[in-house]
Each structure stands twice: as C-alpha cells, then as structure tokens.
Amino acid sequence: MNDKKIIGITGYSGSGKTTLLTKVIALLVEQGFKVATLKHAHHDIEFDIPGKDSYKLRKAGSLQTIVACNNRYALIHETPDKSVDIQTLINHFSDVDIILVEGFKDETIPKITCHRSANQKPLFIDQFTIAIACDESIKTNLPILNINEPSQIAEFIKNYFELKSN
C-alpha cells in the first residue's frame, strides 16, 4: 500500500473504535507525531449544509468542490459511478507520520481489531490483523492489547512502525 505508515482500527459497531482512536491520536500528537485519519461510513454522508454556497455548487453538478478558509480546507469529491478505493483516499494525505484508518475491515492493511465482550459478536480477524484490542482474555497467537488502555495501543503502533517520539 506504498511507503506510508498505515494501520487500521476495525471492529463491529459499538466496539469502541472511535473512542479508542480519539485517545490514541491525542497521545501520538502529544508526543510530536503528525497523524491523519480516514474513517469509513456505511451510509450516505453530507458534509455541507443545504443553503450554503458549497452545497449549491455540488448540487449543481460539480464533481469536486474544495471549501477553504485560513485554518482548514475540505475536498468533497462526488463518486456517482463507483466507490473510491482506499489507495486513492490515502494518496490525499501528505506530510504525516501515521495514517490511522477506522473501518475498512476488508482492506489489505495491517489492522488492530477492537472487540468488546458486551457486544456478543464473533471476533473478526483476518491475515492482516496484527493485534486485538479487547476487554477480555482471548486465546490467540496475536498480541492482545487492553482496549481501555489507549497508551498501550499507541505504544504498540509506534513499535510496529519503529517510530521514535519527536
């Protein structure tokens, strides 16, 4: 998947992916790392608000719209004919140390699977799963991380990529 440092955080809805990621991101940023995130959504998402200029431009037929101000910008890219692939999305990132991907469980990227016993869902792992973040003991040859200890997961990610704090 090119030379970028990419790791996925996967798991069923309610397993704590977003909560875990927000804490891990804060820890990595605090240590001087530049982090990017890519989140998969299972539904149609709207970013701009009806009535706003960006919304009007997109609805008029613009396939790509960038909304920019002094502090940030957002690219809205319509994909009516086919879904965008993860590599295209990742290629939009630049000047970052780590890309954390939430979801995209079927992609061929290294992944940490989030698993909570309260969800009563089967454990989903594949050949790209490098660790399991969970709240119970699981029999596996994969490293088991405590999902309630984001610092442990941040350290695992740094060690996986052999990154040193800035």
Side-chain angles (χ1 to χ4, degrees), residues 1-49 72 74-94 96-163 165:
M1 177 91 19
N2 70 26
D3 61 344
K4 295 183 179 181
K5 292 171 176 49
I6 302 162
I7 197 157
I9 305 295
T10 62
Y12 290 102
S13 178
S15 64
K17 299 180 300 291
T18 303
T19 300
L20 177 63
L21 268 173
T22 57
K23 293 175 182 176
V24 168
I25 291 165
L27 289 166
L28 292 171
V29 169
E30 185 179 284
Q31 295 174 42
F33 294 103
K34 294 183 273 185
V35 179
T37 54
L38 171 58
K39 177 172 176 32
H40 185 261
H42 291 284
H43 44 80
D44 195 23
I45 50 178
E46 288 288 345
F47 295 102
D48 44 1
I49 301 165
R72 72 192 53 87
L75 167 64
I76 303 165
H77 193 140
E78 295 290 312
T79 56
D81 299 325
K82 81 173 202 173
S83 296
V84 66
D85 63 277
I86 193 170
Q87 187 60 56
T88 299
L89 296 169
I90 286 169
N91 288 341
H92 283 289
F93 293 118
S94 62
V96 295
D97 299 311
I98 305 167
I99 300 170
L100 297 175
V101 177
E102 181 179 342
F104 292 92
K105 71 176 172 57
D106 295 322
E107 292 295 333
T108 58
I109 60 172
K111 302 172 229 197
I112 297 172
T113 296
C114 293
H115 180 77
R116 287 203 183 271
S117 56
N119 273 10
Q120 298 182 351
K121 300 272 190 185
L123 178 63
F124 177 85
I125 57 173
D126 64 15
Q127 67 191 42
F128 301 100
T129 305
I130 59 170
I132 301 167
C134 62
D135 62 356
E136 65 180 336
S137 179
I138 295 175
K139 290 189 182 221
T140 179
N141 292 331
L142 293 168
I144 300 293
L145 307 171
N146 185 336
I147 197 165
N148 298 312
E149 294 291 334
S151 60
Q152 185 183 72
I153 287 124
E155 287 302 312
F156 178 86
I157 292 169
K158 286 172 30 186
N159 290 336
Y160 182 79
F161 290 120
E162 299 177 353
L163 296 171
S165 297

Inset, instruction - Quick one: pull up CG in Leu142 and CD1 in Ile125 and give me the separation to the nearest 0.5 Å. - result: 5.5 Å
Legend entry - Shortest non-hydrogen separation from Leu20 to Ala133 and the atoms involved: CD2-CB, 4.4 Å
Inset, instruction - Give the intermediate values and the outcome of side-chain contact (heavy atoms from CB on, under 4.5 Å) for residues Val35 and Val24. - result: CA-CA 10 Å; Val35 179; Val24 168; over 6 Å; no
Inset, instruction - Nearest 0.5 Å please: distance from the SG atom of Cys114 over to the CG atom of Leu21. - result: 7.0 Å
Legend entry - Rounded distance [0.5 Å steps], CG in Leu28 versus NZ in Lys158: 7.0 Å
Legend entry - Pairwise side-chain contact, Pro143 with Ile130, heavy-atom cut-off 4.5 Å (strictly under): no
Legend entry - Donor-acceptor pair, side chain of Asp135 and main chain of Ile147, under 3.5 angstrom: no
Inset, instruction - Could you tell me which non-hydrogen atom of Asn146 sits nearest to which non-hydrogen atom of Ile153, and how far apart they are? - result: O-CD1, 3.3 Å
Inset, instruction - Considering non-hydrogen atoms only, spot the tightest contact between Val96 and Ala36 and give its length. - result: CG1-CB, 3.9 Å
Legend entry - Side chain to side chain, Tyr160 and Ile112, heavy atoms closer than 4.5 Å: no
Legend entry - Side-chain donor-acceptor pair present, Glu102, Thr37, cut-off under 3.5 Å: no
Inset, instruction - Specify the closest pair of heavy atoms between Arg116 and Ser15, including all atoms of both residues, with the distance to one decimal. - result: NE-O, 3.2 Å
Inset, instruction - Begin with the C-alpha distance, continue with both residues' side-chain angles, and end with the deciding distance and a verdict on side-chain contact (heavy atoms from CB on, under 4.5 Å) for Gln31 and Glu155. - result: CA-CA 11 Å; Gln31 295 174 42; Glu155 287 302 312; 4.0 Å; yes
Legend entry - Over all atoms of both residues, closest heavy-atom pair of Lys111 and Asp126: NZ-OD2, 2.8 Å
Inset, instruction - Taking the side chain as every heavy atom from C-beta outward, state whether His92 and Leu75 have any pair of such atoms under 4.5 Å apart. - result: yes
Inset, instruction - Please round to the nearest 0.5 Å and tell me the distance separating atom OG of Ser94 and atom NZ of Lys34. - result: 9.0 Å
Inset, instruction - Apply side-chain contact (heavy atoms from CB on, under 4.5 Å) to Ile6 and Ile86, showing your working. - result: CA-CA 11 Å; Ile6 302 162; Ile86 193 170; 5.9 Å; no
Inset, instruction - Please answer whether the main-chain N or O of Ile90 pairs with a side-chain N or O of Lys4 as donor and acceptor at a distance below 3.5 Å. - result: yes
Inset, instruction - Check the surroundings of atom NZ in Lys39: do more than 12 heavy atoms from other residues, nucleotides or ligands lie under 6.0 Å from it? - result: yes
Inset, instruction - List the atom of Gly32, the atom of Asp97, and the distance in Å for their closest heavy-atom pair. - result: O-OD2, 4.1 Å
Legend entry - Pairwise ring-ring contact (aromatic ring centres under 6.0 Å, His included) hits with a residue in residues 108-133, at least two apart: none
Legend entry - Atom pair CG (Leu38) and CZ (Phe104), whose distance is rounded to the nearest 0.5 Å: 4.5 Å
Inset, instruction - Spell out, as yes or no, whether a donor-acceptor pair under 3.5 Å connects the side chain of Lys17 to the backbone of Tyr12. - result: yes
Inset, instruction - Report yes if some heavy atom in the side chain of Leu100 is under 4.5 Å from a heavy atom in the side chain of Ile157; otherwise report no. - result: yes
